[in-house]
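Here, residue 1 is the first one in the sequence, and each next residue gets the next number.
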Amino acid sequence: MENMEYGPSVEDASAVRDWLRERATFGHFIAGRFTRPGEVFATTDPATGEELARVTQGSERDVAKAVRAARRAQRGWGMMPGHDRARFLYAIARTIQKRERFLAVLETLDNGKPIRESRDADIPLVVRHFYHHAGWAELAESEFPGHAALGVCGQIIPWNFPLLMLAWKVAPALAAGNTVVLKPAEYTPLTALAFAEICAHVGLPAGVVNIVTGDGATGAALVRAPVDKIAFTGSTGVGREIARAVAGTAKRLTLELGGKSPFVVMEDADLDAAVEGVVDSIWFNQGEVCCAGSRILVAESVAPRFEALLRARMEKLRPGPPLDKSTDIGAIVHPVQKQRILDLLDQAVAAGAELIGGQVGQGCRVAPGYLRNIAPSNPGMVQEIFGPIATLSTFRTPDEAADLANNTRYGLAASVWSESAANATDTAARIRAGVVWINCANVFDAAAPFGGIRDSGYGREGGREGMLDYLAVPAPPAPRDPAPPDIAAAVEDAAAMKGIDRTVKLYIGGAQKRPDGGASYAAQDELIPLGGRKDIRNAVEAAQAGLAKWQALGGHGRAQVLYFLAENLAQRRSEFAGFASPAEVDAAIRRCFFYAGFADKYDGATVAARPGHLTHIRPEPHGVMGLICPGRASLAGFVSLVLPAIAMGNAVVAIPSQERPMAALTLAQVLACSDLPAGVVNIVTGPRDDLGRALAGHDGVSAVWHAGQGAEGLAELQRAAAETLIPVWCPDRQDWTAPEAQGREFMRRASRAKTIWLPYGALPAGTGSAAY
């Protein structure tokens, strides 16, 4: 006791090392048992370089075998009563609890994170996810009526939270009745293999969970395999490759990708608390966190004091052996990742930034640090470092703070610090991200959906929204939408038309516009404006300009406009004679009333997540949506897509039926006199596939719906959307005049969940730990 320094307090790893020695080399876990090891590679302790075990490199054949096992098991698992599935998930949760110390040590050895984080954060949250989804399995029939499992899900997880990412994906998939083939990260497969033993221990039916280990080639084989969904967490670049690979298939896709999340400190913030928030945000898990607050933005007036507090706190963080309970900063997962961090730091410093801290240690170690005096275009500010290094810059006004926070291609998370509720909530509302923490950081719960926008991916994990991403709503049988006719051939027949007595134009920005190319094509005995890429660009710009006014109306104001649209549509129904059947006009009027009724009733929810927080799930509009409308039922199909999108506060660029566009162009005249702000609905006619690709590839479009089922151009559209990383939804074949062509699923697809965490009251006694 000569000083106040911490003494060593190393967690006993003997049980884990005995387990590893006993097994030594692992095969895959397929159809309820471990296979014989094949070609193997080593997994090592990043803190020491010690080899822990050898695991099998998965081949295309291994993946195919696992998918077949999952397919055989899915019918029985999917038809099993929800109560029985719940009992299995409950058994998994209880067994993980009974082995939590073993799993925490194994995770730390394999990943390099401090044992305190594995023990107090990761494993308790793993347990929470299986308990939570046991509840969803029990309630699925009543809470998700009419929904069915997707089938076999391929899941690919990263190395930063190996067992937790497994739980995030496996638990909802099993609760929904799916079976899974999971590929853990090449660097950190061991807790997934230990989880396989738990599945066997609880008697989970063979084939329900299959685990195939390997590198990126194994993951690529899983993406190519005949599965019904791919769920991926990892880098933006790989996510984009996966989106390209599944284009043109019927596979569902959710992507949770990278981030460059803002950490906004307002001038009225509690600076001491905000500094602790930085520790929890960027220096947690060595900064190997996709939602880490890696861009610290501080009000200029308090920046000197904040930086002084930050440097003092950073210097007190304790790097050390990950198994030591006193260690704050463990080891980077692999030498390759360490070198990537150092390369980015070199680029940032070369571009003018000043590095504070960030010393390079022996082995896989990088000390916590931050980059100051950094320009917005500096590589350290733009690229995801994925290590314990933040950036520090200042702002002068709340408006500038919001602009800087949104100055990124990513949109995963954000953290806002202010003692003013008005400042905090206003800034949180203006930041474009899937999760916003107010006066807290890196808070998670199984009840709170997590996911991003833009280059941070799409889809949600956790809560009701996460369950819905593993469920489908079977559609009633309906005719397949035919491929549109060839426009060039139609133009050749234009000379044969007689009696042309009206001029129809595109509808852009609330006005009728001639197409930029000045050309037309023949359809429905009219010359239809032939829109092109420039017209799509003009329509997207008009939609962006109309968004603010439309969203400012609120749900009630938008409902009034939709009711007025129904009134005008009913008054002018005769104008649609020859372009749409009376049944379609009636359906269009009903859609107006339905979505007017829903405009102020598709509510968010405050969920029962962690104590001491209000966790609000808010449905927010995407922004500008591209809609490729069906060829059949040209009026009913058009309004069935447009109305839910605008009811949720989006603006749309709609491509109507290529061969029957007159109903939509006639509707434009009704829209113009129905108090709809200019730019909320834009209509561009022409070649469906070409215009669809232009929409999907436009950086200003945030989501695309494609109702032309089976169209050859769908795959090309999805490949274009893969470059911009926007979701593409293909509504199932519909009878567009039937009641099934409207409903909550359309509203859900017209919005994305934004999770807002706000501290609320004092923590009840005994609830302060991560396990609560």
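- Considering only residues two or more places apart in sequence or on other chains, R618 meets the side-chain contact (heavy atoms from CB on, under 4.5 Å) condition with H616, E620.
- Checked against side-chain contact (heavy atoms from CB on, under 4.5 Å), S294 has the following partners two or more places apart in sequence or in another chain: K260, I282.
- Checked by atom type and distance alone, the side chain of H613 never pairs as donor or acceptor with a backbone atom of T615 at under 3.5 Å.
- Side chain of R752 to main chain of I453: no donor-acceptor pair is present (N/O by atom type, distance under 3.5 Å, no hydrogens or angles).
- In summary, the side chains of S9 and S326 do not present any donor paired with an acceptor at a separation below 3.5 Å, with no hydrogens or angles considered.
- Among residues two or more places apart in sequence or in another chain, the side-chain contact (heavy atoms from CB on, under 4.5 Å) test is passed with A137 by R85, A86, L89, A175.
- Applying the side chain to side chain donor-acceptor pair (under 3.5 Å) test to residues at least two apart or on different chains, the pairs with a partner in residues 274-285 are K113-N285, E276-R313.
- Under the side-chain contact (heavy atoms from CB on, under 4.5 Å) criterion, A221 pairs with E60, V63, R224, not counting sequence neighbours.
- Here side chain to side chain donor-acceptor pair (under 3.5 Å) pairs that include residues 175-200, with residues two or more places apart or in two chains, are W19-E197, R23-E197, E107-T191.
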Open item on the list: Under the criterion side chain to side chain donor-acceptor pair (under 3.5 Å), I'd like the reasoning laid out for T44 against E50: C-alpha separation, chi angles, the key distance, then a yes or no.
Closed with: CA-CA 5 Å; T44 59; E50 170 196 2; over 6 Å; no

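- A side-chain N or O of Y131 and one of Q97 form a donor-acceptor pair less than 3.5 Å apart.
- Checked against salt bridge (charged side-chain N to carboxylate O under 4.0 Å, His left out), R99 has no partners two or more places apart in sequence or in another chain.
- Among residue pairs with one or both ends in residues 452-461, those qualifying as side chain to side chain donor-acceptor pair (under 3.5 Å) are K169-E461, R240-D455, R409-D455; sequence neighbours excluded.
- Remark: R116 engages D328 in a salt bridge (charged side-chain N to carboxylate O under 4.0 Å, His left out) (not counting sequence neighbours).
- No salt bridge links D343 with R340; every basic N to acidic carboxylate O contact stays at or beyond 4.0 Å.
- By the salt bridge (charged side-chain N to carboxylate O under 4.0 Å, His left out) test, K98 is found to be paired with no residue, residues two or more places apart in sequence or in another chain being considered.
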Distance-only donor-acceptor pairs under 3.5 Å for side chains of residues 362-371, two or more places apart:
residue : atom : partner : partner atom : Å
R365    : NH1  : G320    : O            : 3.0
Y370    : OH   : E307    : OE2          : 2.7

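- F450 pairs by the ring pair (Phe, Tyr, Trp, His ring centres under 6.0 Å) definition with W168, F444, not counting sequence neighbours.
- D110 and T43 share a side-chain donor-acceptor pair at under 3.5 Å.
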